[in-house]
Amino acid sequence: VQLQASGGGLVQTGGSLRLSCAASGFMFSINTMGWYRQAPGKQRELVATIASRGDTNYADSVKGRFTISRDNARKMVHLQMNNLKPEDTATYYCNLNLNRPYWGQGTQVTVSS
């Protein structure tokens, strides 16, 4: 299993970023994929998940601002983040749960006030 995240960066409050995760080594289309984030000194937390048929789930803190999507043909999962806030600053990780959790390498998102 390989999960390669990209798309992080530095953005001002109210800005947007789009994270992408390229997946390989497993049957992507039948598995739920997720994005998590971890801020310094805090526990890793769920941001959003998307099931194989497209059902989505979001943390309350990002509802209405973030959108998770998937492209099964390209084995990609995306996280569109709009109206970013300083509290969204964190390292974002792509996630897959099989017999155990798998994590991408993380991509840093920094939102300046």
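What you see below is based on every heavy atom in this structure, not just the backbone, and it leaves out hydrogens, waters and symmetry mates. Being a predicted model, the structure only gives us computed values, none of them experimental.
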Checklist outcome for this item: OG (Ser20) and CG (Leu79) are apart, to the nearest 0.5 Å, by 9.5 Å

Item to check | Nearest-0.5 Å distance that lies between atom OG1 in Thr56 and atom NZ in Lys63 | outcome: 9.5 Å

What I'd like to find out is whether the side chain of [X] reaches to under 4.5 Å of the side chain of [Y], using heavy atoms alone.
X: Met33; Y: Thr49; result: no
X: Thr13; Y: Ser112; result: no
X: Lys85; Y: Arg65; result: yes
X: Arg37; Y: Trp35; result: no
X: Gln80; Y: Ser69; result: no
X: Phe66; Y: Leu17; result: no
X: Arg70; Y: His78; result: no

Checklist entry - Going only through I, L, V, M, F, W and Y residues with side-chain contacts under 4.5 Å, is there a path from Leu98 to Ile50? => result yes

Minimum heavy-atom separation for [X] to [Y], with atom names?
X: Ala5; Y: Thr107; result: CB-CG2, 4.3 Å
X: Ala39; Y: Ala90; result: N-CB, 3.8 Å
X: Ala48; Y: Tyr58; result: CB-CD2, 3.6 Å

Next on the checklist: Just to verify, which of Asn95, Asp71, Ile68 counts as forming a side-chain contact (heavy atoms from CB on, under 4.5 Å) with Val77?
Outcome noted: Ile68

Item to check | Residues that, via side-chain heavy atoms closer than 4.5 angstrom, fall in one hydrophobic cluster with Leu46 | outcome: Tyr36, Tyr93, Trp103

Next on the checklist: Could you list the cluster mates of Met76? Members are the ILVMFWY residues connected by side-chain heavy atoms closer than 4.5 Å, either directly or through other members.
Outcome noted: none

Next on the checklist: The test is side-chain contact (heavy atoms from CB on, under 4.5 Å); show your working for Val109 and Met81 and say whether it passes.
Outcome noted: CA-CA 10 Å; Val109 172; Met81 306 186 294; 3.8 Å; yes

Next on the checklist: Could you go through Leu3 and Leu96, starting from their C-alpha distance and side-chain angles, then the distance that decides it, and tell me whether this counts as side-chain contact (heavy atoms from CB on, under 4.5 Å)?
Outcome noted: CA-CA 8 Å; Leu3 302 171; Leu96 162 72; 4.2 Å; yes

Next on the checklist: Show, in sequence, the C-alpha distance, side-chain angles and deciding distance for Thr110 and Val11, and conclude whether the side-chain contact (heavy atoms from CB on, under 4.5 Å) test is met.
Outcome noted: CA-CA 6 Å; Thr110 303; Val11 65; over 6 Å; no

Checklist entry - Stepwise, does the side-chain contact (heavy atoms from CB on, under 4.5 Å) test hold for Ser16 with Asn82? => result CA-CA 4 Å; Ser16 298; Asn82 297 328; 2.9 Å; yes

Next on the checklist: Quick one, Gln108 with Thr91, criterion side chain to side chain donor-acceptor pair (under 3.5 Å). Give me CA distance, side-chain angles, the key distance, then yes/no.
Outcome noted: CA-CA 4 Å; Gln108 178 66 36; Thr91 301; 2.8 Å; yes

Next on the checklist: Please check if the number of heavy atoms outside Gln105 that lie under 6.0 Å from its CD is greater than 12.
Outcome noted: yes

Item to check | With sequence neighbours excluded, residues passing salt bridge (Lys or Arg N to Asp or Glu O under 4.0 Å) with Asp55 | outcome: none

Item to check | Cation-pi geometry met for Arg74 and Phe28 (6.0 Å, 45°) | outcome: no

